Number of protein chains: 2
Amino acid sequence: MTDDVLWLRDEAPRPPRRNTPLTLERIITAAIAELDAAGAERLTMRKLAERLEVTSTALYWHVATKEDLLDLALDHVVGEVPVPPPGSEPRSGLRALLVGWRAAMLAHPWSPALLGRPLLGPNVLARTEFIQAMLVRSGLAGLELAAATRTLAGFVLGAAMADATWRRLDDPAAIAKVRAHILASAERYPTLSTSGFVEAGWSDDELFVFGLDRVLDRLLAGT
Amino acid sequence: MTDDVLWLRDEAPRPPRRNTPLTLERIITAAIAELDAAGAERLTMRKLAERLEVTSTALYWHVATKEDLLDLALDHVVGEVPVPPPGSEPRSGLRALLVGWRAAMLAHPWSPALLGRPLLGPNVLARTEFIQAMLVRSGLAGLELAAATRTLAGFVLGAAMADATWRRLDDPAAIAKVRAHILASAERYPTLSTSGFVEAGWSDDELFVFGLDRVLDRLLAGT
DNA sequence: ACCTGAACACCGTTCAAGT
DNA sequence: ACCTGAACACCGTTCAAGT
């Protein structure tokens with residue numbers, strides 16, 4: 001029994017104090033990294049904790065629930081969208097913001113799938129504020145203003161979601177299968193099978209910008 | 001020991017054979033009912049099995065995975081959208097289909113949250129076929145056709161998602177909280193706080209139709 | 001204040017076994 | 001062919017306890 005002699009006990013000289021303390025900011029960053037790496041719904045509180053070198057239960061000191069964490073991650077991604085200067089010419093300002101918004105979400109392809117949750121974070125609100133400010137400066141008000149705001153928001157988020165879905169389904173074999181299925185059912189899909197729908201002649205970026213410009217044309221034209 | 005006398009044994013006369021056999025159709029219907037009742041992500045293979053009076057593992061004879069089941073449920077919901085007759089006047093046909101599409105998804109408020117998954121079911125494809133057919137009959141082709149298809153699809157799905165989010169957050173206290181927060185931060189949200197964004201002066205149905213009509217205006221106007 | 005360890009009440013899914 | 005029962009490998013989250 002040498003254990004009762006202090007000098008003979010071979011223990012770590014200190015309980016190795018945490019090098020980097022856990023913060024909400026670090027947790028969010030790690031969560032985004034984990035989502036980027038592992039993909040959509042493979043984020044786990046335990047795996048996230050492992051990445052941060054803490055116990056999974058330690059996370060709950062900083063965050064109430066996993067859902068809250070996802071909301072924070074989503075708002076953080078939206079925060080990557082640069083907001084044009086408030087003095088921008090309305091149309092080009094709107095265009096820049098909306099193109100950037102979609103790009104930021106597609107840079108984190110898991111993020112559009114989270115859009116089913118309420119979008120009320122500070123970064124989202126700040127960008128919604130910019131959108132409405134530009135619309136107001138274009139002369140919109142009342143019903144027209146309200147509808148234009150929702151139309152633009154819905155369009156961007158819907159497009160991001162659809163495009164992210166296709167990109168996550170990057171398996172070329174799967175895409176070929178879809179194409180083959182549509183072409184094989186030409187009598188059921190006479191238009192789709194002959195219109196170039198399955199040909200992918202244009203990038204989703206091109207198609208988005210083309211559509212966005214048309215939508216802006218009409219919304220900014222006034223009544 | 002009366003148990004070795006057949007006539008004295010009181011067992012059920014038959015192993016009560018399944019009254020209604022399990023089918024994929026019944027599973028999908030029950031899943032939608034469960035989702036409608038229990039809400040978004042509270043669907044569980046075990047609870048679904050309980051509703052069908054089978055073991056949870058019995059479901060796996062008919063369906064490979066829970067994700068597959070959700071894909072089937074989503075396509076089933078899209079199937080509730082009436083497709084106008086193929087001879088419809090293009091604009092009114094498109095309008096009817098898209099209004100119906102959004103309405104069907106909002107009737108099952110959990111469904112827009114599933115849109116992050118590939119939309120390739122037969123019901124979705126049939127409706128996409130109709131959309132493109134109407135656009136082609138309006139004279140669209142090439143890039144214009146491809147972009148219009150995606151613009152309309154993105155707009156409808158994005159709007160459905162956003163509206164479903166708000167409706168699921170039906171807690172009036174929560175909505176009041178959002179409103180109070182924006183109004184309290186008037187210097188950060190000068191436009192939002194004064195534009196009526198938080199007033200809800202119009203229904204989401206009105207706003208959607210208003211926006212849809214504008215989008216159709218421009219897309220059908222041609223180059 | 002911040003983190004660990006053990007524990008609870010669940011999950012989706014597999015698989016051998018029954019009928 | 002279709003379903004059950006037991007089991008596996010996980011989950012998110014709570015809570016007492018440590019520092």
Side-chain angles (χ1 to χ4, degrees), chain A residues 6 9 11-35 37-74 110 113-114 116-117, chain B residues 6 9 11-35 37-74 110 113-114 116-117:
Chain A
L6 169 63
R9 265 180 263 151
E11 356 175 88
R14 300 266 127 202
R17 214 63 203 99
R18 290 215 55 72
N19 30 4
T20 36
L22 209 51
T23 63
L24 186 56
E25 185 60 30
R26 282 190 68 225
I27 293 177
I28 296 172
T29 306
I32 292 176
E34 183 70 21
L35 285 163
E41 279 310 290
R42 267 183 285 266
L43 175 71
T44 272
M45 295 303 265
R46 292 174 209 256
K47 285 213 305 242
L48 176 57
E50 199 176 350
R51 177 184 282 263
L52 289 162
E53 296 181 299
V54 289
T55 324
S56 70
T57 56
L59 301 172
Y60 288 89
W61 179 262
H62 298 91
V63 94
T65 183
K66 186 188 179 184
E67 293 218 312
D68 280 10
L69 178 54
L70 291 176
D71 285 346
L72 290 166
L74 183 58
W110 44 269
L114 263 48
R117 314 195 32 74
Chain B
L6 168 63
R9 264 180 263 151
E11 357 177 84
R14 301 266 126 202
R17 214 63 203 100
R18 289 215 53 72
N19 29 5
T20 37
L22 211 49
T23 64
L24 186 55
E25 185 60 29
R26 280 191 69 226
I27 293 176
I28 296 173
T29 306
I32 291 176
E34 183 70 21
L35 284 163
E41 281 308 291
R42 267 182 287 267
L43 175 71
T44 274
M45 295 302 266
R46 293 175 209 256
K47 284 212 305 240
L48 176 58
E50 198 176 350
R51 177 184 282 263
L52 289 162
E53 296 181 300
V54 290
T55 324
S56 68
T57 57
L59 301 172
Y60 287 90
W61 179 262
H62 298 90
V63 94
T65 183
K66 187 189 178 183
E67 293 220 311
D68 280 10
L69 178 54
L70 291 176
D71 285 346
L72 290 166
L74 182 57
W110 45 268
L114 263 49
R117 315 197 30 77

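On a predicted model such as this, the values are computed, not experimentally measured, just so you know. Below, chains carry the letters A, B, ... as their sequence lines are ordered, and counting in each starts from 1.
Both Leu43(B) and Arg46(A) lie close to DNA chain C; mapped to their nearest nucleotides by heavy-atom distance, the more 5′-ward contact belongs to Arg46(A).
A 4.5 Å side-chain heavy-atom check between Leu48(A) and Lys66(A) finds every atom pair outside the cut-off. In this structure, Leu72(A) and Leu24(A) have side chains that are in contact, with non-hydrogen atoms separated by less than 4.5 Å. Taking the side chain as every heavy atom from C-beta outward, Arg117(A) and Leu74(A) never approach each other to under 4.5 Å.
Nearest heavy atom pair, residue Trp110(A) against residue Ile32(A), reads CZ2-CG2, 4.0 Å.
Thr23(B) places a side-chain N or O within 3.5 Å of a backbone atom of Arg26(B) that can act as its donor or acceptor partner. Looking at His62(B), its side chain never comes within 3.5 Å of a backbone N or O of Ile27(B) through a donor-acceptor pair.
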So Glu41(A) and Leu114(A), side-chain contact (heavy atoms from CB on, under 4.5 Å) or not? Walk me through it. CA-CA 10 Å; Glu41(A) 279 310 290; Leu114(A) 263 48; 4.3 Å; yes
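Straight-line distance from the CE atom of Met45(A) to the P atom of dC3(C): 14 Å, rounded to whole Å. As a whole-Å value, the separation of Leu70(A) CG from dC11(D) P is 15 Å. Rounded to an integer number of Å, the gap from CG of Leu24(B) to P of dC2(D) is 12 Å. For Arg42(A) and dG12(C), the CZ to C1' distance is 15 Å, given to the nearest whole Å. Taking atom CD of Glu50(A) as the reference point, atom P of dG12(D) lies 13 Å away to the nearest angstrom. Rounding to whole angstrom units, NZ of residue Lys47(A) and P of dC10(D) are separated by 10 Å. The distance from atom CD of Glu41(B) to atom C1' of dC11(D) is 14 Å, rounded to the nearest whole Å.
Atom OG1 in Thr29(B) sits 4.5 Å away from atom CD in Glu25(B) (nearest 0.5 Å). Expressed to the nearest 0.5 Å, how far CG of Leu59(A) lies from CG of Leu22(A) amounts to 6.0 Å.
Residue contacts for Thr57(B): at a heavy-atom cut-off of 4.0 Å it reaches a base atom on one of the strands shown. Within 4.0 Å of Leu59(B), counting heavy atoms only, lies no atom of the nucleic acid at all.
Of the residues in residues 60-69 of chain A, those placing a heavy atom less than 4.0 Å from an atom of DNA chain C are Trp61(A), His62(A), in numerical order.
For Thr44(A), the listed nucleotide lying nearest its side chain is dG12(D); candidates were dT4(D), dG12(D), dT4(C).
Helical stems in DNA chain C, defined as runs of 3 or more consecutive Watson-Crick or G-U wobble pairs with both donor-acceptor distances under 3.5 Å, are listed by first residue as C:4-8 with D:12-16, C:12-16 with D:4-8.
Close to dC3(D), at under 4.0 Å from its OP1 or OP2, lies no side-chain N or O of Thr55(B).
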